[in-house]
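Have a look at the structure below before the remarks.
Every value quoted in this text rests on a predicted model; they were computed, and no experiment measured them.
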2 protein chains.
Amino acid sequence: MKAATIRDVALRATVSVASVSRVLNGAGPVAEPTRRRVLEAVEALQYVPHSGARSLSTSKTNTVGVILPDLFGEFFSELIRGLDVAAREHGYHLIVSSSHDDADEASAAIRSMRGRVDGLIVLSPHMDAANLAASLAGRLPVLLMNGGATDAGRPSIVVDNHGGAVTAVKHLLDTGRTRIAHIAGPAGNLEAESRLAGYGEAMARAGLETTVVEGDFTQASGHRAAARLIADGQSLDGLFAGNDMMAVGALLAFQEAGLRCPEDIAVVGFDDVPIAGLVRPSLTTMRIRIAETGRSALKRLVGLIEANTGADVACDVVRPELVIRQSSGQAATPDRRAAANRAPTATGSSQLGEVRDV
Amino acid sequence: MKAATIRDVALRATVSVASVSRVLNGAGPVAEPTRRRVLEAVEALQYVPHSGARSLSTSKTNTVGVILPDLFGEFFSELIRGLDVAAREHGYHLIVSSSHDDADEASAAIRSMRGRVDGLIVLSPHMDAANLAASLAGRLPVLLMNGGATDAGRPSIVVDNHGGAVTAVKHLLDTGRTRIAHIAGPAGNLEAESRLAGYGEAMARAGLETTVVEGDFTQASGHRAAARLIADGQSLDGLFAGNDMMAVGALLAFQEAGLRCPEDIAVVGFDDVPIAGLVRPSLTTMRIRIAETGRSALKRLVGLIEANTGADVACDVVRPELVIRQSSGQAATPDRRAAANRAPTATGSSQLGEVRDV
DNA sequence: CTGTTAGCGCGTTCAA
DNA sequence: TTGAACGCGCTAACAG
C-alpha cells in the first residue's frame, strides 16, 4: 500500500502525467474536462506530490538550512522563531542543524545540506570566512551571522558587540559604578571576544582596572563566575555580563550571597532575551531584537536565492540598544501598593512599560 | 559554474558512476587503486553528494518533520532542543514547521512533508486523530504528541495533564489554600482542557467552588487574567495556572498589585520551563522533562521508521511531577546571609537544591 | 572487481 | 490542447 504517484493519477484520469502536472501547477493550457478528471483522480487517490522528486527536477527545494552552534538558552529559540515565521511567509521550510561546537562539525553539517536546501544561514561563532568558504562546494547562497569581523565579500549580518559592550559599561559608569567586573563568554567565540574587548576599551578609557572571569554563556556558568568574584573578595559595585543568561545566573548568586542588586551591585546583560524582563530585579541589558533579526535574515537570504546575482555582499550591522531596568538601579519596582517585601528603589514607576514590553 | 555531480567525479577518475557510489558509500567491493583515484577526484572537484537525489533513489531522507502549533515560549524551544540532539545522535535531520493555529493549516503542513521526511512528530493540540488520518496519504510513520485523548491505534506520547492538574491543586489544598482560581489555556486546546478538567475535579472533590479565567498560554495573557481576578475582587489565596508562562505573568501582576506571593496567594504552574526556577519567587510547578521527552519522542519515531512494522501503537504517558519552590510557600529563599530585602518565608533552605537544579 | 542500465517521482521540452 | 520522452543525481541490480 504505497503512496500514489503522478502516474497513478494519470492512469486513473486517463490522461498523461504531463497533464496532471499542468493541472497541479497551474502551468500551461488545460481543457476543462481534463482538468476535472485530474482533480477527481487526485481526490480519489489522496494524491500528494512528492516534493523530493519535484525538487530534483526543478532544482528547487523551497527549504533553507540553519546552522547553529547549539540550542541552549533563549537566544537561539527566539532567533528560530523569527526565522520560522519569515520562512512560512516566504513559502520556505526550515531545516535546523545545531550542536556544532567546532568548525569541523559545522563544516560537515554545511556539506550535508547540499541537495536539501536552496540557501543557508550560518551562525558559527567559531568559524571564520576562510573555513566556511572551504566547506561550500557549489555556489549555495549563504548568509553569515557568525558575529565575527565583517567577513568581507559575503552577505552577512553582524551585531555590533563591541559598541554594545561599550554602551553597557558606560551606562554602569553613568550610575556611578567604578569597580566593574566582566563575565566573559567562552574563549574562541567571536561574539564573546568582541564584547570583552568593548568592556576592556570602555574601562581603559575611563582609567579603570578590569576584572574578568570566563563563563560559557550558560546561566550556570554565570552563577559560578559571580560566586568566584565574591569569593575572591573583590569589592565590586558593577557587573557587565557577556549575555543575559549569565547575568541571570549572577543575579541569583548575588542574592544568595546577600548582596542587593542594584543597591550593592548593578548588573547589565546582553541580548534582551524574554526572561530578562521577567526576573527580579529585572535586567538592564543591550537589546537585540532577536526574532526581528531572524526575520530579516531569512528575508535577505530569500533575496539572495531568488535574485541569483552576487550583487548583495553587504554586511548589515545590528546595533544593540540599551534597555534600562531595575538591575542597574534606574528603574523602580512597578508595585502599585505597599511593596513591603522589597527594598525601596530610587525612582518612581517610570519604567513600568519597559518591564512589561517583553 | 555548477556543483560537481557523481558523473563528473567518475569521468575524472576514469571509472563508472557505480564505482564512485561504491567508494562513497562503502558498499560493495572496490580495488584499492580505484578507490584512491575516486577519492582524489572527489577532493579535486570538491564533490559533495546531492542528498536530494540520493533520497529519491533510496526512498530515504534521513529527515524527520516536526509539526508544531507555534514557537512561543520556552516549552517548544526546549522540546526542539531535545528533538534536535536526539536527531543528530541517530543521524537524522530535523525540519520544523510551526505556526499552525488550526487543524487545516496543520493538515496542509503535514501534506507538504511528503517526500521530504521519513517520519513525522505531530504536536497539534487542535487536531484529533480522525482529522490527522485524513491528512496522511501514504503510510508515513507518525508519532502523535497532541495531548488529546489516547488516540487509539496510533503511536503516541501524551502528558497526563489531568492527573498533573489534580496533583497541583491538591498541593495547594495541602498548604491550606481553599479559594483557588485557575487560569486556563485557550479553549479548543486539548491540553488546556485536560488541565482545566483536572482542576475542576480536584476542586469538586474538595467541595470547593471554582473560578476560571481563560488565557492563551502566553505570559501576557496570564498577566491580564490575574489582573482581572484581582479587579473582580475575588479574595483568592491560591492560583493554578495552565502553564508556567501564564503563572509568571500572574506573578508579576500580583506583585504590581501589592499582593505577596506566597504569603497572600500561592501559585502553581505547569511544564517546568527553565524560567520557572529563575523568577522570584521561584515557581512551584508540575515538571515535564521537556527536552527529555523530546529525545525519547525522536528515538521512538526512529524506531517506527526503521522497524517498519505497525507493531508499536502504544501510548506512552508522561506523568508530570510536582516541583515545590517558593511560590507555593514551601521553599525558602536560598539566601545565605542577611536577606533583608525579602520577607521571611516559612521554612529553612531545604528546597535549595530544587531551586537550583534548573 | 567493475561498468551498464533501469528506475526513484516529477517537470518540461518538443511533436503531434 | 495533449502526450511521449528525456533528464534531475543517485543507488542498486545485473552482467561482464
Side-chain angles (χ1 to χ4, degrees), chain A residues 2-39 41-42 45-63 111-118 137-138 140, chain B residues 2-39 41-42 45-63 111-118 137-138 140:
Chain A
K2 308 193 58 177
T5 77
I6 197 175
R7 262 188 157 72
D8 302 324
V9 176
L11 232 58
R12 191 174 215 280
T14 55
V15 297
S16 73
V17 294
S19 293
V20 178
S21 178
R22 284 185 200 109
V23 171
L24 264 39
N25 298 313
V30 196
E32 189 48 33
T34 311
R35 174 186 180 67
R36 236 181 1 84
R37 288 220 310 285
V38 168
L39 291 178
V42 165
L45 268 45
Q46 295 270 42
Y47 171 69
V48 179
H50 186 290
S51 24
R54 188 203 296 254
S55 294
L56 188 56
S57 117
T58 58
S59 347
K60 236 295 189 176
T61 62
N62 290 305
T63 303
R111 270 194 299 273
S112 82
M113 288 293 183
R114 159 148 142 92
R116 288 179 188 289
V117 302
D118 297 330
L140 198 61
Chain B
K2 309 193 56 177
T5 76
I6 197 174
R7 262 187 157 75
D8 301 325
V9 176
L11 232 58
R12 191 176 216 278
T14 56
V15 296
S16 72
V17 292
S19 293
V20 177
S21 177
R22 283 185 200 109
V23 171
L24 264 40
N25 298 315
V30 195
E32 188 48 33
T34 312
R35 174 187 180 68
R36 237 182 359 86
R37 290 220 309 285
V38 168
L39 291 178
V42 165
L45 268 46
Q46 295 270 42
Y47 171 69
V48 178
H50 187 291
S51 24
R54 188 201 296 251
S55 294
L56 187 56
S57 120
T58 58
S59 353
K60 236 294 190 178
T61 62
N62 290 306
T63 303
R111 270 194 299 273
S112 83
M113 288 293 182
R114 158 149 144 96
R116 288 179 187 289
V117 301
D118 297 329
L140 198 61

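- As rounded to whole Å, 14 Å separates atom P of C/dG7 from atom NZ of A/Lys2.
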Restricting to nitrogen or oxygen on both sides, can you table the protein-nucleotides 10-13 of chain D pairs closer than 3.5 Å?
residue, atom, partner, partner atom, Å
D/dC10, OP1, B/Tyr47, OH, 2.3
D/dC10, OP1, B/His50, N, 3.1
D/dC10, OP2, B/Ile6, N, 2.3
D/dT11, OP1, B/Asn25, ND2, 3.1
D/dT11, OP1, B/Arg54, NH1, 3.1
D/dT11, OP2, B/Ser21, OG, 3.0
D/dT11, O4', B/Ser57, OG, 2.5

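- Atom CZ of B/Arg12 sits about 10.5 Å away from atom OG1 of B/Thr14, to the nearest 0.5 Å.
- In this structure, A/Arg116 atom CZ and D/dG9 atom P are separated by 16 Å, rounded to whole Å.
- Inspection of the B/Asn62 and B/Arg54 side chains reveals no N or O donor paired with an N or O acceptor under 3.5 Å.
- Distance, A/Lys60 NZ to D/dG9 P: 16 Å, rounded to whole Å.
- In this structure, B/Thr34 reaches the sugar-phosphate backbone alone: every heavy-atom distance under 4.0 Å involves primed, P, OP1 or OP2 atoms, never a base.
- In this structure, A/Ala10 and A/Val17 approach most closely via the heavy-atom pair CB-N, 3.6 Å.
- Between the side chain of B/Arg116 and the main chain of A/Thr61, a donor-acceptor pair closer than 3.5 Å is present.
- Within the 4.0 Å cut-off from OP1 or OP2 of D/dT2, not a single side-chain nitrogen or oxygen of A/Ser19 is found.
- Contact between B/Tyr47 and B/Ile6 at its shortest, heavy atoms only, is CE1-N, 3.5 Å.
- Rounding to whole angstrom units, CG of residue A/Leu11 and P of C/dC10 are separated by 13 Å.
- Side-chain atoms of A/Arg22 never come within 3.5 Å of backbone atoms of A/Val30 as a donor-acceptor pair (strictly under, hydrogens ignored).
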